[in-house]
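Structure first, then comments.
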Amino acid sequence: MAGRDMVNGGGEVDTFEKDLKEILEDGPNLNDMHNTVQTGSPQKIMTSSYPGGSGSFDNTGSSQLPRSQTMPPATSHVSLSNNPASSNGDFLPKTVQTAQSKIETIKSWSVNTFKCTKQYIAERLGKGSKTVDLELEAQIEVLRDMQRKYANILRLAKNLNSHFCNVVQTQRALGEAFSEQAQRSPELQEEFSYNCETQRALVKNGEVLLGAMNFFTSTINTLCNKTMEDTLLTVRQYEAARLEYDAYRNEMEALQLAPRESTSATKVDGSKRKFDEHKVKFEKLRADVSIKLKFLDENRVKVMHKQLLLFHNAVSAYFTGNDSALEATLKQFNIKLKPANTEKPSWIEQ
(Lines give C-alpha, C1' and ligand atoms only; values in the text may rest on other atoms or scores of the structure.)
Protein backbone atom coordinates (compact mmCIF):
# COMPACT_ATOMS: atom_id res chain seq x y z
CA MET A 1 0.00 0.00 0.00
CA ALA A 2 2.88 2.32 0.71
CA GLY A 3 4.26 1.73 -2.75
CA ARG A 4 0.95 2.48 -4.32
CA ASP A 5 0.69 5.76 -2.37
CA MET A 6 4.12 6.80 -3.55
CA VAL A 7 3.19 6.13 -7.12
CA ASN A 8 -0.11 7.86 -6.89
CA GLY A 9 0.96 11.01 -5.09
CA GLY A 10 -1.96 12.98 -6.48
CA GLY A 11 -4.50 10.54 -5.02
CA GLU A 12 -2.98 10.91 -1.55
CA VAL A 13 -3.36 14.64 -1.67
CA ASP A 14 -7.00 14.26 -2.68
CA THR A 15 -7.61 11.85 0.17
CA PHE A 16 -6.06 14.30 2.75
CA GLU A 17 -8.22 17.17 1.51
CA LYS A 18 -11.32 15.00 1.74
CA ASP A 19 -10.45 13.98 5.29
CA LEU A 20 -9.84 17.61 6.34
CA LYS A 21 -13.16 18.67 4.83
CA GLU A 22 -15.02 15.90 6.68
CA ILE A 23 -13.38 16.93 9.96
CA LEU A 24 -14.44 20.53 9.53
CA GLU A 25 -18.03 19.57 8.60
CA ASP A 26 -18.56 16.83 11.19
CA GLY A 27 -16.72 18.53 14.12
CA PRO A 28 -18.53 20.53 16.84
CA ASN A 29 -18.99 24.25 16.60
CA LEU A 30 -16.03 25.99 18.24
CA ASN A 31 -18.16 28.94 19.32
CA ASP A 32 -20.14 26.64 21.65
CA MET A 33 -16.97 25.77 23.54
CA HIS A 34 -15.85 29.29 24.57
CA ASN A 35 -16.76 28.69 28.24
CA THR A 36 -14.68 25.55 28.48
CA VAL A 37 -11.41 25.88 30.40
CA GLN A 38 -9.09 22.87 30.47
CA THR A 39 -6.20 22.49 32.90
CA GLY A 40 -3.28 20.12 33.01
CA SER A 41 -1.31 18.62 30.16
CA PRO A 42 -3.29 16.84 27.46
CA GLN A 43 -2.80 13.13 26.97
CA LYS A 44 -0.80 11.88 24.02
CA ILE A 45 -2.93 11.67 20.91
CA MET A 46 -2.35 8.93 18.36
CA THR A 47 -3.82 9.71 14.96
CA SER A 48 -4.88 7.01 12.57
CA SER A 49 -2.60 6.28 9.64
CA TYR A 50 -5.16 4.81 7.34
CA PRO A 51 -6.54 7.00 4.57
CA GLY A 52 -9.69 8.83 5.47
CA GLY A 53 -9.25 8.46 9.23
CA SER A 54 -10.52 11.51 11.01
CA GLY A 55 -10.42 10.34 14.62
CA SER A 56 -7.65 9.72 17.14
CA PHE A 57 -6.98 7.22 19.93
CA ASP A 58 -5.44 7.62 23.35
CA ASN A 59 -3.40 5.04 25.21
CA THR A 60 -6.56 3.21 26.32
CA GLY A 61 -7.82 2.85 22.81
CA SER A 62 -10.81 5.16 23.20
CA SER A 63 -11.59 7.57 20.45
CA GLN A 64 -10.81 11.28 20.98
CA LEU A 65 -11.23 14.36 18.89
CA PRO A 66 -8.13 16.13 17.58
CA ARG A 67 -6.54 18.82 19.76
CA SER A 68 -7.91 21.53 17.48
CA GLN A 69 -11.44 20.32 18.25
CA THR A 70 -11.13 19.84 22.04
CA MET A 71 -9.19 22.97 23.01
CA PRO A 72 -10.74 26.43 22.62
CA PRO A 73 -8.95 28.83 20.31
CA ALA A 74 -6.55 31.32 21.79
CA THR A 75 -8.84 34.18 20.91
CA SER A 76 -12.01 32.64 22.38
CA HIS A 77 -13.75 34.46 25.27
CA VAL A 78 -13.46 32.74 28.67
CA SER A 79 -16.02 33.89 31.21
CA LEU A 80 -14.58 34.88 34.61
CA SER A 81 -17.81 36.11 36.11
CA ASN A 82 -17.55 33.63 39.00
CA ASN A 83 -14.14 34.88 40.04
CA PRO A 84 -14.59 36.84 43.34
CA ALA A 85 -11.42 38.77 42.78
CA SER A 86 -12.80 40.24 39.57
CA SER A 87 -16.39 40.69 40.70
CA ASN A 88 -15.55 44.25 41.66
CA GLY A 89 -14.59 45.73 38.39
CA ASP A 90 -13.15 48.91 39.84
CA PHE A 91 -10.98 47.20 42.48
CA LEU A 92 -7.71 48.01 40.79
CA PRO A 93 -8.56 51.63 39.96
CA LYS A 94 -9.67 52.33 43.55
CA THR A 95 -6.45 50.84 44.89
CA VAL A 96 -4.40 52.97 42.52
CA GLN A 97 -6.39 56.09 43.45
CA THR A 98 -5.91 55.40 47.17
CA ALA A 99 -2.18 54.96 46.72
CA GLN A 100 -1.93 58.15 44.67
CA SER A 101 -3.95 60.05 47.30
CA LYS A 102 -1.62 58.88 50.07
CA ILE A 103 1.43 59.83 48.04
CA GLU A 104 0.03 63.30 47.39
CA THR A 105 -0.79 63.73 51.10
CA ILE A 106 2.73 62.74 52.13
CA LYS A 107 4.21 65.01 49.48
CA SER A 108 2.10 67.99 50.60
CA TRP A 109 2.94 67.37 54.26
CA SER A 110 6.67 67.12 53.49
CA VAL A 111 6.70 70.37 51.52
CA ASN A 112 4.70 72.19 54.20
CA THR A 113 6.94 70.86 57.01
CA PHE A 114 10.07 71.90 55.14
CA LYS A 115 8.79 75.44 54.58
CA CYS A 116 7.66 75.85 58.19
CA THR A 117 10.96 74.52 59.52
CA LYS A 118 12.86 76.89 57.27
CA GLN A 119 10.72 79.81 58.49
CA TYR A 120 11.18 78.80 62.14
CA ILE A 121 14.97 78.61 61.81
CA ALA A 122 15.06 81.95 59.98
CA GLU A 123 13.05 83.58 62.78
CA ARG A 124 15.33 82.11 65.44
CA LEU A 125 18.38 83.39 63.63
CA GLY A 126 16.80 86.81 63.12
CA LYS A 127 16.83 86.55 59.33
CA GLY A 128 13.13 86.09 58.62
CA SER A 129 10.19 88.46 58.93
CA LYS A 130 7.50 87.55 61.47
CA THR A 131 3.90 88.67 61.81
CA VAL A 132 3.32 89.97 65.35
CA ASP A 133 0.09 91.11 67.01
CA LEU A 134 1.42 92.95 70.05
CA GLU A 135 -1.88 93.14 71.93
CA LEU A 136 -2.76 89.49 71.36
CA GLU A 137 0.75 88.29 72.17
CA ALA A 138 0.63 90.20 75.47
CA GLN A 139 -2.69 88.56 76.38
CA ILE A 140 -1.31 85.12 75.55
CA GLU A 141 1.74 85.71 77.73
CA VAL A 142 -0.50 86.84 80.61
CA LEU A 143 -2.56 83.66 80.24
CA ARG A 144 0.51 81.43 80.35
CA ASP A 145 1.85 83.19 83.42
CA MET A 146 -1.58 82.96 85.05
CA GLN A 147 -1.76 79.22 84.40
CA ARG A 148 1.61 78.72 86.08
CA LYS A 149 0.48 80.67 89.15
CA TYR A 150 -2.85 78.87 89.38
CA ALA A 151 -1.05 75.55 89.04
CA ASN A 152 1.09 76.55 92.02
CA ILE A 153 -2.05 77.46 94.04
CA LEU A 154 -3.54 74.08 93.10
CA ARG A 155 -0.40 72.25 94.22
CA LEU A 156 -0.35 74.04 97.58
CA ALA A 157 -4.08 73.47 98.12
CA LYS A 158 -3.65 69.76 97.44
CA ASN A 159 -0.78 69.60 99.92
CA LEU A 160 -2.89 71.38 102.55
CA ASN A 161 -5.76 69.03 101.86
CA SER A 162 -3.51 65.99 102.22
CA HIS A 163 -1.93 67.20 105.45
CA PHE A 164 -5.26 68.18 106.97
CA CYS A 165 -6.68 64.79 106.04
CA ASN A 166 -3.84 63.20 108.01
CA VAL A 167 -4.66 65.53 110.95
CA VAL A 168 -8.31 64.44 110.93
CA GLN A 169 -7.32 60.78 110.84
CA THR A 170 -4.95 61.34 113.75
CA GLN A 171 -7.65 63.13 115.73
CA ARG A 172 -10.03 60.26 115.09
CA ALA A 173 -7.47 57.74 116.31
CA LEU A 174 -6.69 59.89 119.34
CA GLY A 175 -10.37 60.16 120.25
CA GLU A 176 -10.73 56.37 120.09
CA ALA A 177 -7.70 55.99 122.34
CA PHE A 178 -9.17 58.44 124.86
CA SER A 179 -12.47 56.56 124.82
CA GLU A 180 -10.73 53.26 125.48
CA GLN A 181 -8.75 54.65 128.39
CA ALA A 182 -11.86 56.24 129.86
CA GLN A 183 -13.36 52.76 130.22
CA ARG A 184 -10.20 51.23 131.65
CA SER A 185 -9.27 54.02 134.08
CA PRO A 186 -12.16 54.85 136.45
CA GLU A 187 -10.06 57.43 138.27
CA LEU A 188 -9.52 59.43 135.02
CA GLN A 189 -12.74 58.56 133.27
CA GLU A 190 -14.12 62.10 133.28
CA GLU A 191 -10.92 63.67 131.90
CA PHE A 192 -10.55 61.05 129.17
CA SER A 193 -14.22 61.38 128.27
CA TYR A 194 -14.33 65.12 127.62
CA ASN A 195 -11.04 64.92 125.68
CA CYS A 196 -12.59 62.16 123.61
CA GLU A 197 -15.66 64.31 122.90
CA THR A 198 -13.44 67.23 121.93
CA GLN A 199 -11.52 65.12 119.40
CA ARG A 200 -14.73 63.75 117.95
CA ALA A 201 -16.08 67.27 117.51
CA LEU A 202 -12.86 68.27 115.77
CA VAL A 203 -13.11 65.23 113.52
CA LYS A 204 -16.69 66.10 112.58
CA ASN A 205 -15.84 69.70 111.76
CA GLY A 206 -12.64 68.58 110.04
CA GLU A 207 -14.60 66.33 107.67
CA VAL A 208 -16.82 69.27 106.79
CA LEU A 209 -13.78 71.42 106.10
CA LEU A 210 -12.24 68.62 104.02
CA GLY A 211 -15.38 68.56 101.89
CA ALA A 212 -15.08 72.29 101.26
CA MET A 213 -11.37 71.99 100.48
CA ASN A 214 -11.97 69.08 98.07
CA PHE A 215 -14.56 71.16 96.24
CA PHE A 216 -12.12 74.07 96.08
CA THR A 217 -9.22 71.99 94.68
CA SER A 218 -11.49 70.22 92.19
CA THR A 219 -12.74 73.52 90.79
CA ILE A 220 -9.24 75.00 90.57
CA ASN A 221 -8.04 71.87 88.81
CA THR A 222 -10.82 72.15 86.23
CA LEU A 223 -10.07 75.82 85.67
CA CYS A 224 -6.31 75.35 85.38
CA ASN A 225 -5.97 72.03 83.56
CA LYS A 226 -9.08 72.03 81.37
CA THR A 227 -10.45 75.50 80.74
CA MET A 228 -7.11 77.29 80.48
CA GLU A 229 -5.53 74.34 78.68
CA ASP A 230 -8.29 74.36 76.07
CA THR A 231 -7.60 78.03 75.37
CA LEU A 232 -3.86 77.37 75.19
CA LEU A 233 -4.51 74.55 72.72
CA THR A 234 -6.21 77.06 70.44
CA VAL A 235 -3.25 79.39 71.00
CA ARG A 236 -0.83 76.68 69.86
CA GLN A 237 -2.93 76.09 66.75
CA TYR A 238 -2.88 79.84 66.11
CA GLU A 239 0.90 79.96 66.45
CA ALA A 240 1.30 77.04 64.03
CA ALA A 241 -1.02 78.77 61.53
CA ARG A 242 0.97 81.99 61.95
CA LEU A 243 4.19 80.14 61.14
CA GLU A 244 2.65 78.62 58.00
CA TYR A 245 1.23 82.00 57.01
CA ASP A 246 4.63 83.70 57.28
CA ALA A 247 6.36 80.84 55.43
CA TYR A 248 4.05 81.07 52.43
CA ARG A 249 4.02 84.88 52.59
CA ASN A 250 7.81 85.04 52.38
CA GLU A 251 7.81 82.51 49.55
CA MET A 252 5.25 84.52 47.58
CA GLU A 253 7.15 87.74 48.13
CA ALA A 254 10.40 86.11 46.99
CA LEU A 255 8.73 84.85 43.79
CA GLN A 256 7.21 88.24 43.07
CA LEU A 257 10.56 89.99 43.49
CA ALA A 258 12.43 87.44 41.35
CA PRO A 259 13.05 88.15 37.66
CA ARG A 260 10.20 87.20 35.37
CA GLU A 261 12.52 85.08 33.24
CA SER A 262 13.26 82.67 36.12
CA THR A 263 9.71 82.42 37.52
CA SER A 264 6.65 81.45 35.55
CA ALA A 265 3.27 83.05 36.04
CA THR A 266 1.79 79.67 36.98
CA LYS A 267 4.21 79.25 39.85
CA VAL A 268 3.48 82.74 41.17
CA ASP A 269 -0.28 82.18 40.95
CA GLY A 270 0.02 78.85 42.78
CA SER A 271 2.06 80.43 45.52
CA LYS A 272 -0.45 83.26 45.92
CA ARG A 273 -3.34 80.81 46.07
CA LYS A 274 -1.69 78.81 48.88
CA PHE A 275 -0.84 82.03 50.68
CA ASP A 276 -4.49 83.12 50.57
CA GLU A 277 -5.61 79.75 51.99
CA HIS A 278 -3.22 80.02 54.94
CA LYS A 279 -4.16 83.66 55.45
CA VAL A 280 -7.82 82.74 55.90
CA LYS A 281 -6.88 79.99 58.37
CA PHE A 282 -4.56 82.31 60.29
CA GLU A 283 -7.14 85.10 60.60
CA LYS A 284 -9.84 82.66 61.71
CA LEU A 285 -7.66 81.22 64.48
CA ARG A 286 -6.61 84.69 65.58
CA ALA A 287 -10.26 85.65 66.00
CA ASP A 288 -10.93 82.38 67.90
CA VAL A 289 -8.06 83.08 70.29
CA SER A 290 -9.32 86.61 71.01
CA ILE A 291 -12.83 85.35 71.77
CA LYS A 292 -11.62 82.50 73.98
CA LEU A 293 -9.32 84.79 75.95
CA LYS A 294 -12.21 87.16 76.60
CA PHE A 295 -14.60 84.43 77.75
CA LEU A 296 -11.88 82.76 79.82
CA ASP A 297 -11.18 85.94 81.74
CA GLU A 298 -14.86 86.49 82.50
CA ASN A 299 -15.36 82.89 83.57
CA ARG A 300 -12.21 82.91 85.71
CA VAL A 301 -13.36 85.96 87.68
CA LYS A 302 -16.77 84.41 88.42
CA VAL A 303 -15.38 81.02 89.42
CA MET A 304 -12.59 82.37 91.60
CA HIS A 305 -14.91 84.83 93.36
CA LYS A 306 -17.12 81.94 94.42
CA GLN A 307 -14.29 79.57 95.36
CA LEU A 308 -12.30 82.11 97.37
CA LEU A 309 -15.42 83.05 99.32
CA LEU A 310 -16.07 79.38 100.04
CA PHE A 311 -12.50 78.72 101.17
CA HIS A 312 -12.45 81.79 103.43
CA ASN A 313 -15.78 81.05 105.11
CA ALA A 314 -15.03 77.37 105.64
CA VAL A 315 -11.55 77.88 107.11
CA SER A 316 -12.70 80.77 109.34
CA ALA A 317 -15.68 78.83 110.67
CA TYR A 318 -13.59 75.76 111.40
CA PHE A 319 -10.80 77.47 113.33
CA THR A 320 -13.23 79.66 115.30
CA GLY A 321 -15.26 76.59 116.25
CA ASN A 322 -18.44 77.92 114.68
CA ASP A 323 -20.23 74.71 113.71
CA SER A 324 -23.38 76.40 112.46
CA ALA A 325 -21.41 78.77 110.18
CA LEU A 326 -19.47 75.81 108.77
CA GLU A 327 -22.65 73.90 108.00
CA ALA A 328 -24.19 77.03 106.49
CA THR A 329 -21.19 77.45 104.21
CA LEU A 330 -21.68 73.96 102.76
CA LYS A 331 -25.38 74.58 102.21
CA GLN A 332 -24.63 77.91 100.55
CA PHE A 333 -22.38 76.29 97.94
CA ASN A 334 -24.45 73.08 97.62
CA ILE A 335 -21.66 70.80 98.82
CA LYS A 336 -22.71 67.31 99.85
CA LEU A 337 -20.44 65.31 102.11
CA LYS A 338 -19.95 61.59 101.83
CA PRO A 339 -21.14 59.65 104.89
CA ALA A 340 -18.38 58.79 107.33
CA ASN A 341 -16.78 55.34 107.21
CA THR A 342 -18.20 54.61 103.78
CA GLU A 343 -16.34 51.96 101.87
CA LYS A 344 -16.41 51.21 98.20
CA PRO A 345 -18.91 48.39 97.48
CA SER A 346 -17.43 45.06 96.56
CA TRP A 347 -17.59 43.74 93.04
CA ILE A 348 -20.34 41.34 94.11
CA GLU A 349 -22.55 44.20 95.33
CA GLN A 350 -21.85 46.16 92.16
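We number each residue from 1, following the sequence as shown.
Note: the hydrophobic cluster containing Leu309 also contains Phe215 (ILVMFWY, side chain heavy atoms under 4.5 Å, direct or indirect links). Hydrophobic clustering of Ile, Leu, Val, Met, Phe, Trp and Tyr side chains at less than 4.5 Å, counting indirect connections, keeps Ile153 apart from Leu232. Phe333 and Val303 are not part of a single hydrophobic cluster, where members link through side-chain heavy atoms under 4.5 Å apart. Criterion: ILVMFWY side-chain heavy atoms under 4.5 Å apart, direct or through other members. Under it, Phe164 and Phe216 are part of a common hydrophobic cluster. Linking ILVMFWY side-chain heavy atoms closer than 4.5 Å, directly or via other members, places Leu134 and Val289 in two distinct hydrophobic clusters.
Here Leu160 contributes atom CG and Thr217 contributes atom OG1; the two are 10.0 Å apart, rounded to the nearest 0.5 Å. Taking CE of Met228 as the reference point, atom CG of Leu293 lies at 11.0 Å (rounded to 0.5 Å). Considering CZ of Arg155 and CG of Asn159, their distance stands at 6.0 Å, rounded to 0.5 Å. Of the inter-residue distances, the one linking Met213 atom CE with Leu310 atom CG reads 10.5 Å to the nearest 0.5 angstrom. One finds the CG atom of Leu296 at 11.0 Å from the CD atom of Gln139 (value rounded to the nearest 0.5 Å). Note: Thr117 OG1 to Leu243 CG = 8.0 Å, rounded to the nearest 0.5 Å.
Checked against the 6.0 Å centroid threshold, Phe282 and Tyr238 count as a close aromatic pair. In summary, the aromatic rings of Tyr248 and His278 are positioned with their centroids under 6.0 Å apart.
No side-chain donor-acceptor contact under 3.5 Å links Thr219 and Asn221. A donor and an acceptor atom, one from each side chain of Gln147 and Glu229, are located under 3.5 Å apart. There is a side-chain donor-acceptor pair under 3.5 Å between Lys292 and Thr234. The closest side-chain donor-acceptor pair between Ser129 and Arg249 falls under 3.5 angstrom.
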The test is salt bridge (charged side-chain N to carboxylate O under 4.0 Å, His left out); show your working for Arg172 and Glu207 and say whether it passes. CA-CA 11 Å; Arg172 180 181 291 109; Glu207 289 176 347; 2.3 Å; yes
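Within the 4.5 Å cutoff, side-chain heavy atoms of Arg242 are placed close to those of Lys130. Contact of the Phe275 side chain with the Tyr245 side chain is registered, since non-hydrogen atoms from C-beta on lie closer than 4.5 Å. Residues Tyr318 and Val208 fail the side-chain proximity criterion, which asks for heavy atoms closer than 4.5 Å. For the pair Asp288/Gln237, no side-chain contact is recorded, criterion being any heavy-atom separation below 4.5 Å from C-beta on. Arg184 is not listed as a side-chain neighbour of Gln189, based on a closest heavy-atom distance of 4.5 Å or more. In this structure the side chain of Gln171 never reaches within 4.5 angstrom of the side chain of Leu174, judged on heavy atoms. No side-chain heavy atom of Phe192 sits less than 4.5 Å from a side-chain heavy atom of Gln183. Here the side chains of Met252 and Lys274 are not in contact, with every heavy-atom distance at 4.5 Å or above.
Side-chain atoms of Ser316 do not come within 3.5 Å of backbone N or O of Asn313 as any donor-acceptor pair. Remark: side-chain polar atoms of Ser179 are not paired, donor with acceptor, to backbone N or O of Gly175 under 3.5 angstrom. When atom types are taken as modelled, the side chain of Asn250 and the backbone of Asp246 share a donor-acceptor pair closer than 3.5 angstrom.
One finds a salt bridge joining Arg273 and Glu277 here, because a Lys/Arg side-chain nitrogen approaches an Asp/Glu carboxylate oxygen to under 4.0 Å. By the 4.0 Å N-to-carboxylate-O rule, Arg300 lies close enough to Asp297 to be salt-bridged with it. In summary, Arg144 and Glu239 engage in a salt bridge, as defined by a charged side-chain N under 4.0 Å from a carboxylate O.
Val203 approaches Val168 most closely through the heavy-atom pair CG2-O, 3.8 Å. Of all the heavy atoms in Phe178 and Cys196, the pair that sits closest is CB-CB, 3.7 Å. Closest non-hydrogen pair, Ala182 versus Ser193, comes out as CB-OG, 3.7 Å. Nearest heavy-atom pair, Ala314 versus Leu326, reported as atom, atom and distance to 0.1 Å: O-CD1, 3.4 Å. Summarising the geometry of Leu330 relative to Ala212, their closest heavy-atom pair is CD2-CB, 4.1 Å, with the distance given to 0.1 Å. What you find for Ser271 and Leu255 is that their closest heavy atoms are CB-CD1, 3.5 Å.
Under the side-chain hydrogen bond (donor to acceptor under 3.5 Å, both in side chains) criterion, Ser218 pairs with no residue at all, not counting sequence neighbours. Remark: Lys149 pairs with Asp145 by the salt bridge (charged side-chain N to carboxylate O under 4.0 Å, His left out) rule, at least two apart or across chains.
In Glu298, the CD atom is crowded: over 12 heavy atoms of neighbouring residues, nucleotides or ligands sit closer than 6.0 Å.
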